[in-house]
Structure formats: C-alpha cells, structure tokens
Amino acid sequence: MKKIVSTLLVALLCFSLAATAQVRPITGTVRDEKGAPIPSASVVVKGKNTGASADAQGNFKVNAQTGDVLTFSSVNFQAKDVKVGSGSSLNVTLAAESSISEVVVTALGIRKKPEEIGYSTATVKQEQITAGHSMNLANSLSGKVSGLTISNTSASVNATPRIVLRGLRSITGDNTALIVLDGVAVPSNTINYINPNDVERVDVLKGGQAATLYGSDGVNGAIVITTKKGTKKPEITLTTTYNSESVSYLPKTQHEFGSGSAYGASAAENFHASENQQYGDRYDGSMRGLGRVLADGSQLIYPYSDIPSIRKDIWNKGFTTQNDLSYRSGDENSLFYASYQNVHSEGIVPGDKYDRNSLRMNASRTYGRFTLSFDATYTFDKANRTNADFYYTSLNVASWIPIADATFRDWQNSKFGDPNGYYNDYYNNPWWELDNNRFTTKNNYFNGNITLDYKISNALSLTYRAAVATTNTFQTVPSQVYTYSAWAKNSAYENNFNLNYDLYLTGRGRFIARSTPINGSFRDNASNGTRLNSDLFAKYTKEFGDVKLDAVLGNNIQVRTSNSLETGISSIAIPGLFNVNNSQNGILTGSDSKSEIRKLGNYADLVLGYKGFLYAHGTFRYDMSSVFYAQDRQSDLYSFAYYGGDVSLVVTDLFPGIKSKNFNYFKLRAGWNKNGNDNLGAYSLNTVYTSSSGFPYSGLLGTTVGNTTVNSQLKPELVTTSEIGFEMQFLNSRVSIEGSYYKQRAENQILNVSISSASGFTNYLLNAADVTNQGYELDARINVVKSRGWNVNVTGNFSYNFNKVNRLFADNGLNSLVYQNSGNWTLNAEVGQSFPYLKTTAWARDPNGRVVIDPSNGWPSKASATVGQGNTTPKYVFGTGATVNYKGFTLIANAEFRGGYVVYNGVGETTTFTGASALTTLNGRQQFVWPNSSYNDGTGKYVANTNIAIDNWHAIYAGSGDISDGNSFPNVGEIFYSSGSFWKLREVSLSYDLSPSVMQKIKFVKGISIGVWGRNLMTLIAADNYFVDPELSNTSGNSQGYSGTGQTPPTRQIGGTVKFTF
Amino acid sequence: MKSYIKISFAGMLLILAGGCKKFLDVNTNPNNATATKSQFVFTGALGTSYRAQAGTFLMITPGTWTGMYAHSTSFTGGGNEKQYAITNQDFNTFDAINDNIADYNYVRANADKDGVAFWKDPANVMQAYMYSMMVDVYGDIPYSQAFKGVAGIAPKYDKAQDVYEDLVKRLDTAMTNIKAATWPTATDVLSQDVFFQGNKDKWVRFANTIKLRILMRQAFMTGRDTYITTNINNTIGNGYLLENVLVSPGYQNVSGKLNPFYVNYGYNEINAVQSNHSYRKMNAVIINFLKNTADTFRLQSLSWPIGSTVTAPAPAFSSYVGIPLGAGSGFATASSSAIGPFQVQQGQGTRPGMVMTQAEALFLQAEAAQRYGILFGSNAKALYEAAVTSHFRLCAAPSTAAGSAAIGDPYAQRFLARSVVINGYAAGINPYNPNWDASTDKLRTILVGRWLAYDHISGVAAWADYRASNGSASVSVPYNVRTTAVTSNPEPVRYLYPQSELNSNGANVPANISVYTSKIFWDVN
C-alpha cells in the first residue's frame, strides 16, 4: 500500500523532471520512532518535483543539492521536511501520524478528510483496540469515545454487549448502533465474532446525520469497522495471547449466622441442619451435623463456624487463549490478506467453555479501469454454558458449609452431593444443577462481499457491491432426569435440631424430593438469519477552480430473512440420552417462525467545498420498507423520505491571520437532519388469531382474537437531530479539543401502548409519543511529552446525555409504559422523566419524611404506591486514557467513569430472603428502635418513635427472612436500588518491541513484541451499592437497569501476549 | 459515456420503482393466522371461560377467603392472601375476563358472515356469565361502552347494579332467541359447542340458571324482592339445569392440553406433581366442617388424606388435616390435606371440566322457594334435598353430567336424615343442621349446602355468596374463615382495579376504591 501511494506520488511529481546543476546523490534510511525502517517511504525535493522512494529496508537515494528541502512522507506517518546540508547521508525519523492528518471513514466506506465533515466522528485505532486483548471488539471500545456506551448482560463466556451511541431516543424500538463492516451495513451480531486483530480501525459516526446513507438503521449512529488489507511487502504475524480471569468482587454477605429459619422463638431454636435460609444462631465453633442422617446412617459433621472465602471459592479461575496467524502481501495491482484466529475460553462459572475459530480473507485486483475486490469472514464458535442459576444457589449457601469441597462438587461419587443425600431441603446441590442443566450453542457465521469498481473517468466512478451476512445457529438444551429414592421422598428424617419443633417431623422426606420431581427436558433449536445487501452507487468528484464537488448517487436493496425451528420434550426417559425421541410420554412440542423483510432505498449525497475550508453537505434518501407494506395500503405509508445537511468551516483557513504556533486549527460545524426509522417487525400490521390455550383438540379448532390492534395509518417514525460542534488544536497540534452539542426529537414513535382491556384489546400499535434526547460531548487529546524518545499522550472524553419522555399517548391519559416489572420494582418510560425510569416499592413515610412503623411490632410498614427512584442509564460518562512510548516500550491505560443513574440489584432480594446478605445482620439481629421513625397515634397524627423497638421475631427472622410478610426486606424495593456510578480501570497494557538492532541479528524474524496487560483491574462503585457490577443488565434491550443472579459476578483479567512478525 | 451511464442508471431506478410493489409484497404473516371464523373463536372462548374460572384469581384466592383453601407452610409467599394486604398489582382477573368476553363479541359480530348465526345467542349467554363474575369482584366495570376497539380505547364505567340488570335482560333475549331458532344437526357443527353439543334446551336452562344466580345474589338487599320474583317468574317456564354443566373439548394427556383445574393444582402430563398441588392445600374450615358433620363421603372426595396414597381401609379422620388460613408454620405439605380426587386424581387429567353444578341450580331454586314461596314444581324442602343429593352424586362420579345415583344416593340419604344439630366450625357456634325438618334456620341450611357445592367448582361464586350473606349471624356462611395471621386488616370485600387498567384508563376508573370498604352493591353488610 505504502509503495503504491509513494510510487504514484513520485510518478506524478516526476512528470516534469528537470535537470539541475550541482546535484549529488543523498542516501540514508527512514525509520520510525522505534527505530524500525519505514519501507517505501517517499522522498521529494520540495519545489523541484523530483524525488524517490525508499526500498523495503527504508533505504533511499535521491538527487539533491545543498539547501534543498527534502520532504519525507509515508502512510500513517507525519511528513517531515529536512534541509540538505553538506553531507551526503541523512537518517530521518518520522513520527506517527496525529489526528489532523487523518482521514475519516464514512458511509459506504468513503474516506473523507476531517475538515470536510460537518458532524461528529471519532476514530479508535488499532493499538487502542488491541490494548486490552478483548476477544470481543465492542468491549475494546468502552470508554474510548465520547457518547459511546457499551454494556453487558453477563460476565460469563461469550457475552454479547449492547452498543449505544448518544443514549436512547426510541422508547421501545432499537437504539443500538448500526455496525458497518468495510462499507457494508451488517447485522449487529457481526461485532461479536469479528477477530479484533483483523481490524485496522474503527470509526464512530455518532449521530443519525452520519449514517443517512445506510438507511434507517443508521438513525442510532454507526460503528464503522475497517479491516486490514494486504500490503505490497509480504508480512506474516503470529500472535499468542493468554489471560486468566477471576471474580473481582461479590455482593456483601454476612459471616456470622448459620442455617436456620422460622422454627422457634430464638435464633438458637431456629437453627436447622437442612435449612436453606440462614437465620440460625451465631457461629460458635461447635461441631454440628449438616443435613439429614442418610439412609445408611451417615451424616456430615462440620464446625459451626464461618469459612471466610467460601463464596469466592466456588468460582473457577477462568482463562482465555488466543492464537492468531495473519498473512498480508500484494503487488502493483493486487492486495491480499488472510488470517486465522483460534480462541478458547473457560469462564469463572465452572464448566462453561467457549471456542471460536475465525478465518478471514480479502483481496483486490485492478485491471485497468476495473478494480475487483472481495472480503470474506467465516467464523464458527461453540459455547457450552450452564442453564442453572449457579450464582443464586451457591451464593445462598450458609458460610459454614464447605460447598466448594468435593463432598458436594463431586456429586457423581459423593452420597452427600447426590440429590438424594444433599443436605438442603429446598434447593438441589448447585454442582448437580450446574452439570445437569446446560445449553450448547453452535454458530456458523459467514460474512462477505464482492465489490466491483469501474472508473469511468477521473471524476466519475461506479461501484457495485453485493454482500451477504448469514448466521446459522444450532442450540441444544439438555436437562437431566433424576429419580429420587423412596427414602428421600418418604422417609428422610431429622434428629439433630431443635426437637421441640415436632410439627416439622410429621413432614418426612426431603421437601424438594417430595415436591419437585426432576423430569429433565430437552430442546433442539435450529435458526438462521441471512441478510443480503446490494449497493450500486456512482461517485463524482471534480474541482472547478476553488470549488470542489463530491457527489454520490446510489441505490440500496436489502433482504433479511430469518427462520427458527424448535422441537423439544418435557421429560427424559433414559437418563443421559438427549434426543427428542427420548421422552417419557412420546410427545413432542415445537415451534416454527419465519420472517422476511425487504427494503429499497435510493439516495443522493452532495458535498460542495470551497477553497478547502468551507464545506456544505446535503443528503437525501427515499426508502420503501416491506414491513409497512400491504396491498391495500397507500404508498406514503410504506415509503418515506429523509434528508439532512451540514456545514463545516475551518476558521483558521478562512482567517489565516489568527493562526499561530499556539493556535493551529479551529473548525466549526453544524448539522441538521431528519431520519426515517422503520422500527417495526415483519407482519405487525394485522391482529393475529392464535389458537386458544390448549386448542386444537383432536381436530377441534379453537381460536382467540389477538390482543393487539393496529392503527391503519401506522407509518415509519421520524427522528430529527440538530448538532453543532467545534474542533480546535493548539501548541503545534499537541493539544486538540473537540466538542459537540446535539438535540434529537423523536415524535410519532411506533409504540405498542397499553389500552383498557375493556376495549377488546390490551395493546394498540400506533404512532405516538414524543421524546427528546440531548447531550454534550467533549474530547481532548494532549501530547504531554515528546522528547528524547519519550512520547506521552493523554486523552479524555466526557459526555452528558439526557432524554425525556414528553408525551406517551395522550388519548387515554397513558403516562407510564412498563418495560419490565416485578412485585418490588418496575422499569418504565414515564412522562416527564428520563427513560428507562426505575420505580420501587418503599417504606411508608410521614410528612416529615420519617419511616412509619407499626407500633405493634416496631417494624416499618410499606407504602401502598411505588416511588420513582431515577433513570437507569448513565447521564455522565467520562473516559480517560494515556499512551506512553519510550523506545520500544508502550504503556496504554484506559479508565472509564459512568454516573448519574441508578440500578436495581435483584441479588439483594434473594440474599436478604435467604439471610446471606450483610443487610440481614442489621444491629446484629438484635432488637432496636428504627432510626428516624414515627407511628400513627391512631388519630392520623405521626408521633416520633423513640421507644418502640422492633420485636424479637422481626429481629431474628421475619424482618428480612419472611417473604410472606409484606413489609419484610425482600418486599421493599427501596432497599435494593443504588447509584449505578462506577470507575473502572478498563485496561492497562505494557508492551515492548525488541529493538531493531537485535532484530537485525535474527534474520528470519522481522519483529518481536511482548506485552503484559490487565482488564478491569480496579473498580470503584458507589458507597450505597454493596451488591453488584452496575454495568451488567439482565437484558440487552432498552429496559436497562436491573440485574440479578442471571448476571454472573464481575471479573478481572490479567494476561500476556507475544507477537512475531516475519 | 457519462450520459450513457446516467441514462442507464436512471432507467434502472425506474425499473426498480415499477417492480417495487411486487418486491415489497412479502409482508404476509407465515407464522400466525390473520383471519379466523366465528365458530372457531366460539369453541376456543368456551374453553377459555372455564380456564379463567379455574384460574387462581377466580378459584383459589376467593376460595382461600371462604374457608376452602390455605397455604402449605412449606412454602413462603401468599402474604397478600394471608394478610389481606392487597395492592393494584394483585389478582388481576379483569384483563383475562375482558379478553374472553372480547372473543364472544367477535362471535356475535361475525357469526352471520361465517354462517353460524345460531352461536350468537350462546355467546351472549356466556358474556353474561363472565360479566357477572367480573361484577362480583370489581363492582363497577366498563360495560355499555366496552369492546369498541380503537373507537373506545378508554371506555367509561357503568354502575354495577345497572350491569347486573342488563345481564338479566341479555339472558332473557338470548333465551327467547334460542328457543325460536332452528339449530343445525350436523355433528361437525354441533361439536363446536363443547358445553352442550348443540342442545338448545340445555343452553336455555343454563341461561335461566345464570339468571337465577344473578337475581338471588341480590336477595339480601332490601326492596329488591319484587324485582327478583318478577324476573324469576317471567322465565320460570324455561326451567333450570337438569344436569351438571361440563366443558369437554377433549382434554388430552399432553402438555398444555390437560384439564386446566387438574394441571393447575394437580399433576402434569407425566404424572409429576405441580408445586401448586403441594402449596394450595385444603383449609381447616372446610375440613373441620366435613369432619364435624361426619360427612366422610364428601370429605374423601373433596380432599386427600395426608400421605401420598390412600389405602384400604379408609383413612381415619385424623389423616385429614386442613390448614387455618394464615398459619405460619406447622402445616407442611406432607402433613396437610391436598385438593381431593373430586378434581385431582393423578392420571385423570383428561376429565371434562366442571363449569356449573346441577346442585347449585337446585340450591338457588330452594332459596327462592324458601324466601318467596315460588314453587319450581316442588317445594323448598324437596329442592334442598335434591340439591344435596345431586352434589353427593357428583362427588361419587366427578366430571359427569348426572353423577352416580347408585353410589351417591345412599350417602346423601344418610346425611339428610341426620336430624341433630351439628356444630359447624367450633362447638356451640352457629350450629347447622343438614336435616330440613329439624333445621331451625332453613336459609342457613341451604346456603351452607351451596357453599360446600361450590368447593373446587367456583371460588368466586362462594365468595360472592359469603359477602352477600355475611354479617347476619344466622346465615354467616361458612363461619370463621378469617385469617389467623397477625394483621390489623379487615377482610377484603372486593378486588382492586389492576394497575394495567389504572395506567391505560385512569381517568375513568372509579376513584377512592378501598379493598376493605368499597363493597359490591349487593353486599348489604
């Protein structure tokens, strides 16, 4: 690549080569800052149109005379002028390119210079992408770009992140960024399987304006991934990476009290050896029996004392290995790139495994005016994970029980780990559940495109690109059958706990064995999603004097199909045989769903530039979407046009007078656009009539009228966005600052609103609601030190985002739309509030804000209405990073802060119920007067409570352990929400490139780089959050803000990497 | 060259534009039907009506508050039922009933078009049936403005009493129409009626019985007698149920296709016990009542003894343990009685569902005869004894239209002959006498008998009876069903409108509704 560019440059400049006097050959070597030669660098004698290019070792030879200025340049390096002195040899070091000389990859893969762009973009370069060695590209972008939020649903293997730019604008529609791979809009899962080492750069187009040319999917901004291409100089790299992963922290749990529940009048009487809850007496070190005396008379005996590390001991140390091999080469007309990556990962959840193999190839060849290129990725992966709620069951084991021991873990051979003999009366052995309830997902991904460019003239070119992205998924969900013994069902008994509790003894048998047979089940699912994309566009570029014209006219066709076929059985006959023909009753259940969506778009894009400092840009697109199409619908309901424009002005070029050494660059930009959004699934225009529950019966049909009615005038929604921004550079471009303000308004959103069921329907799909979404972004980059081999860059980015629901559906007074709810909390879109918005149940409070207690027991009572607690996505995100280069060393560190939001920690509910949470040891489970409380004196007057202590029963048990008491902790959501703020040290990486002098001695190796790194090494969370990682959410949809035990605990990774270049 | 390209490009766009409609025409749903026929909706809705009746909020929750069900103390939860701590999040049966009534509305609107006009009136009868249950738990409801689709997404509410009165008119119209109509005889058409297999007379009798229930619900109201008697008499000639109303779509031993009561509170398709069978147990009130009345036959039908199997000889009374509502401990699953073989017999999940009993129809007639002297062909005593006998027959052969006279009658006769005062719940409190002639409070004798007959059939009907008659010591039916849990909350008198309705129709939902004091209009206590 470098060679081509430099050769072209040289050829152009040498067009009118003139002979000059006193010219002598100057020779030397061009190297980078680390001392490595820069092959094919170009050398031009300024003002004389002569020049040469360096060879593969960076050696050049050029004819010049004393006083001439030589300009050295190469792709990805800053050009440098060197004056020719008296000598005949010159050694030149080129610095890596800084932001100003970069290009930005925009829609359709079109590269533009920054000054041409009137909207907000950001670029993440390769060394930043790979610094943390995340196997998922999305996770390596976290905290590096203002306005970009990456969030995860799980810390287990193969978690899929959610990528959102500039917050939420659609209440129920998709808000995630469009993923673009080498110019093609691809399905959002692509970012999960692409090999990060294949990625050259990622450009983030933040606003909807940036993506008009991709169609309505671009309304949420775009992540534009550009992969590595071939080079003229053959290069082979071999990289191997290993990291370990461990749990970084767990919810705060108590380590004082052991097993027990509501059996007696004191904590000692509450002790119970087969109990799931932890409301027994305080640990005293005595030897106590655990669980039942088994059929053979044996019983476990353990000291009744805390095992401090037990809740961490159950988690594995996970690890990931990544092995990469890549090859690039090329010649004058061809470029070729191929890579292979193998990833093997074992998670912190014991037994969870993930394997991924990726192959990637791209090539291009130019034949005269034609250039043909293709690009293909094939990835297959396999994840094997548990379906059991291991986090829940293991976290809630009392801390005197050595649950991590083989006694329980080795359930195949341990009679105390076997479900018959497991101590716990209410929950099965977590290790048994872990191993016997699993799911395996295998994916085959193919993603590729073929591009044909035809250069009609110097100004006009025509491009056709056909692309396909397909995912085939096969999932099996085996769940083992187990038959309890007659002893476990009928005769198991206790004899080692409070014998006064005789009533319990009448209920013999293990409770779980009697009440919950383990029948097993199995499910097979095969699904396929395919997207075909066709782009045909013409580009016209011409300069007319001071005016430069860039025009694009194009057509886009998309076809998306998906199929899913599932069959399953709800019981297993022969243990261990997981096949749908192995059920106890021979009955199969199944489902089948298909969809096809087609979109058609025509677009035009025009940029007018004036003297290189003023650019005006306009876009227009006209789309048609099959999801709104029906034969009897008017065309304006399924077709929609949208458009926008932006202006960019480089003030420092308009008024060169203000430019100085300390003030180098000042650009202003402003944009406005209106984006269409066809946020609707296929086949949503009609009410459906499904079978009534249970029907059909032996040929007897029974149907029911669907609950959703659809507005006949339903049409695509429109989002308008305004944006202004600036870019500035100071101190020889060592300081650059960029800022933006944007405001989006989404009206007539496609919304499925709740209506009274007395209307005959419960939901009404229509265009409703009005949402505004706005924010500020600031990015700064400072080159702090640049001398004597040191190069220190510090970056910071800040974003503030705030959305607001102005209206939902005024016609029926609807002012709250529920995303997710449980008895204790709801996540809503609420008029007047930012969404998603958390509401929880709460303590009753008097007008003075005091908690109102029940004078009969001293315990607080619960308010009848839920209370709003706040928005659940970050308002403020701050990212900061530092890159330090010294000789061959590179240190990269990135950290991120998110704040201004709350999260609901579902772990709190379950751990207070079981008594595992530290919350349950309020005042050491002793009676106390609830602070700042009052009670109703019977006349409606609230009297300060100074003397009514909570009763003993609430203190030792009911206050937190009794879920059937409506006022107990597990029923009061207020207790379990917390600030979501956190600081995370995302990644720290130190690498060293062996010095070129060393490398020259090893002939066959061109470079060796070694590195150590860590991810998420430190996390600081808010003081009131003593539970979980606020970054995790139980859904990748819009209703962010709730996490439970389905989300595994947060982890940190430490690893090392070696890279060989041949 | 340039112009050639431009022209061909424009030409291609034109071709694409022309083919657009065809290209986009892929939006036909391959997964679900977007049209149906009234007859299919009718059949499905009948099945769904029973499913709703057998659901937790119409069967168990009201049954829990009338001494039929309680919670095993092996489970935590049920606080709202045990402590009467009820919020708008609890017991939403509003949406389920509306969903079902909407289906009948579809039938009534489209039956002519689909050539099954004769199903319109049975659909109307079913709407009255479902509406009456809705009024019984919610009072005022959207009625006259309901089911107008997008034209009425937030319908206004009607007064409960107006709804009740209109239901009576609705049933009158339906009975008149059914009698006048000619119904088809083709078996495939008749099989669409999974209640009565197209038997007109049975539909008329069912409608008239629903009407009688609606009227008798108001019997404790003052000044209502003329209204009630007039309306009974104007259709008395239509007759009342001669047998039990069953729903039999052909339940199968397949997941999702089992009898809903059985699968909700019994076992699944592979005979595995459902957690609700272990959790939703028999209440001490009904168990002790059956024990105190020495009603061994119905005790063994309506409940299971503790332990897993029943073996001969018949288990002792001590094996039947009911749980006092609100008990916090001491009544583990294995040490309390489960819902009995009347509805839950392992492996018999394909039995027809029991919608309404003939016994109920007879008890209603007996009450009317006793109160108003209306003679339904026989006097109050005969009607009462026929009612009790009918219930014994059904207990002898559950899920059958006629029950078993051979098995049930001897037990019924023995029961009816017991001319001693029996303490209902506890010694000396509200004695009860099953023998008509010996009974000193014949209304109470009828109402207690009806309460027993509602067990496992309709919790909501029992709760409505209880609320309509409670407070009057002589008829309090049954006695002492109040929770034993520590709470200062009084017993609930209704459900609260669900949060979904408050959210989407907040302006019309009646304000200031208290679950403890906002009584249904017929609740005169």
Side-chain angles (χ1 to χ4, degrees), chain A residues 262 456 460 503 506-507 509 511 514-515 517 519 538 555 570-571 584-585 587 589 593-594 596 598 600 602 624 626-627 629-630 682-683 686 688-690 692-695 697-698 700-705 709 754-760 762 764 811-814 816 823 864 963-966, chain B residues 1-2 5 13 20 23-24 26-27 29-34 36 40-41 43-44 47-48 51 74 76-79 83 85 87 95 98 102-103 105-106 142 146-147 149-150 152-155 249-250 254-257 269-270 272 275 278 329-330 332-335 500-501 503-507:
Chain A
I456 296 163
L460 183 67
L503 286 167
T506 61
F511 174 75
R514 284 194 315 272
S515 65
N519 298 308
N555 165 271
S570 59
S571 60
Q584 290 175 26
N585 56 7
I587 289 161
T589 55
S593 86
K594 305 175 179 73
E596 178 164 0
R598 293 182 179 178
L600 197 60
N602 293 311
M624 284 183 245
S626 73
V627 295
Y629 180 84
Y683 323 126
N686 299 98
V688 297
Y689 300 87
T690 53
S692 289
S693 189
F695 285 88
Y697 287 101
S698 310
L700 185 66
L701 298 182
T703 55
T704 181
V705 180
T709 184
S754 297
I755 55 175
S756 171
S757 59
S759 67
T762 57
Y764 186 21
D811 293 25
N812 66 345
L814 184 75
S816 187
S864 57
I963 34 176
S964 63
D965 181 329
Chain B
M1 186 64 177
K2 278 180 205 166
I5 294 293
L13 291 181
C20 279
F23 179 77
L24 293 174
V26 292
N27 206 24
N29 195 327
N31 303 315
N32 290 111
T34 50
T36 186
F40 305 149
V41 176
T43 307
T48 305
R51 219 166 258 281
S74 294
T76 43
Q83 297 177 317
T87 72
D95 292 335
N98 272 326
D103 283 353
N105 234 48
Y106 181 93
F147 304 109
V150 296
I153 52 173
V254 173
S255 175
K257 293 181 184 290
E269 69 282 1
I270 53 167
S275 62
S278 309
S329 64
T333 296
S335 51
S500 56
E501 179 70 4
N503 285 350
S504 58
N505 195 14

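Every chain is numbered from 1 and lettered A, B, ... according to where its sequence line falls, protein lines coming before strand lines.
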Asks: Which one wins on heavy-atom pair count under 4.5 Å against chain A: B:T43, B:N503, B:I270?
Replies: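 Max contact count across the listed options: B:I270.
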Asks: Could you check which of B:S278, B:A85, B:P155 has the highest count of heavy-atom pairs closer than 4.5 Å to chain A?
Replies: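 Greatest number of close heavy-atom pairs with chain A: B:P155.
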Asks: When you check the side-chain N and O atoms of A:T703 and B:T36, is any donor under 3.5 Å from an acceptor?
Replies: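 On atom types as modelled, these side chains qualify, holding a pair under 3.5 Å.
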Asks: Work out which heavy atom in A:L600 is nearest to a heavy atom in B:F23; give both atom names and the distance.
Replies: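 A:L600 and B:F23 have their closest heavy atoms at CD1-CE2, 4.2 Å.
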Asks: What residue in B:G256, B:G77, B:G78 has the most heavy-atom pairs under 4.5 Å with chain A?
Replies: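 Looking at each of B:G256, B:G77, B:G78 in turn, B:G77 comes out on top.
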Asks: Without swapping roles, check the side chain of B:N27 against the backbone of A:Y629 for a donor-acceptor pair under 3.5 Å.
Replies: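 Side chain of B:N27 to backbone of A:Y629, a donor-acceptor pair under 3.5 Å: yes, one is there.
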Asks: Tell me, out of A:G966, A:G694, A:G702, A:S756, who's got the most heavy-atom pairs with chain B below 4.5 Å.
Replies: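 Going by pairs under 4.5 Å, I would pick A:S756.
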Asks: Under a 4.5 Å heavy-atom cutoff, which of A:I755, A:N686, A:T589 has the most pairs with chain B?
Replies: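 If we count pairs closer than 4.5 Å to chain B, A:I755 comes out on top.
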Asks: Which pair of heavy atoms, one from A:N519 and one from B:A272, lies closest together, and at what distance?
Replies: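 Looking at all heavy atoms of both residues, the closest pair is ND2-CB, 3.3 Å.
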Asks: Between chain A and each of B:G152, B:S275, B:P30, count heavy-atom pairs under 4.5 Å; write down the option with the most.
Replies: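 Result: the option with the highest number of such pairs is B:P30.
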Asks: Under 4.5 Å, counting heavy-atom pairs only, tell me which of A:S692, A:S757, A:G760 racks up the most with chain B.
Replies: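 Answer, by heavy-atom pair count under 4.5 Å with chain B: A:S757.
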Asks: Can you tell me which portion of A:L814 sits under 4.5 Å from chain B's heavy atoms? Options are side chain, backbone, both or neither.
Replies: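 For A:L814, the contact with chain B is made by backbone and side chain together.
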Asks: What are the two closest non-hydrogen atoms of A:F695 and B:K257, and how far apart are they?
Replies: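 Smallest interatomic distance, heavy atoms only, reads C-NZ, 3.8 Å.
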Asks: I'd like to verify something: which residue of A:S759, A:S754, A:S698 has the highest number of heavy-atom pairs under 4.5 Å with chain B?
Replies: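 Top option by heavy-atom pairs under 4.5 Å: A:S759.
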Asks: At a 4.5 Å cut-off on heavy atoms, which part of B:D95 comes close to chain A: side chain, backbone, both, or neither?
Replies: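 For B:D95, heavy atoms of backbone and side chain both lie under 4.5 Å from chain A.
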Asks: Rounded at 0.5 Å granularity, tell me how far CG in B:L24 sits from CE in A:M624.
Replies: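 Result: 6.5 Å between the selected atoms.
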Asks: Could you look at B:A507 and say if it's the side chain, the backbone, both or neither that has a heavy atom under 4.5 Å from chain A?
Replies: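 Neither part.
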Asks: With a 4.5 angstrom heavy-atom cut-off, is it the side chain or the backbone of A:L700 that approaches chain B, or both, or neither?
Replies: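 Answer is side chain: those atoms of A:L700 sit under 4.5 Å from chain B.
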Asks: Side-chain donor-acceptor pair under 3.5 Å between A:T704 and B:D103, yes or no?
Replies: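 A:T704 vs B:D103: donor-acceptor pair found between side chains.
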Asks: Tell me whether the centres of the aromatic rings in A:Y689 and B:F40 are closer together than 6.0 Å.
Replies: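 That pair fails the under 6.0 Å test.
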Asks: Among B:G149, B:P142, B:S255, B:A154, which residue forms the greatest number of heavy-atom pairs with chain A at distances under 4.5 Å?
Replies: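 Maximum pair count with chain A is reached by B:G149.
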Asks: Using 0.5 Å steps for rounding, measure from the OG atom of A:S593 to the CG atom of B:N29.
Replies: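 Between A:S593 OG and B:N29 CG, I get 10.0 Å after rounding to 0.5 Å.
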Asks: Do you know the tightest heavy-atom contact between A:N585 and B:E269?
Replies: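 Answer, listing the atom of A:N585 first, then B:E269: ND2-CG, 3.3 Å.
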Asks: So which residue, A:S571, A:S693, A:S816, ends up with the most heavy-atom pairs under 4.5 Å with chain B?
Replies: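 Among the listed options, the one with the most contacts to chain B is A:S693.
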Asks: Against chain B, label A:A682 side chain, backbone, both or neither, depending on which of its atoms sit under 4.5 Å from a heavy atom there.
Replies: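 Both backbone and side chain of A:A682 come within 4.5 Å of chain B.
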Asks: By a 4.5 Å heavy-atom criterion (distance strictly below it), what part of B:T333 contacts chain A: side chain, backbone, both, or neither?
Replies: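 For B:T333, side-chain heavy atoms alone lie under 4.5 Å from chain A.
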Asks: Counting heavy-atom pairs closer than 4.5 Å to chain A, which one of B:T34, B:N505, B:N105 comes out on top?
Replies: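 It is B:T34.
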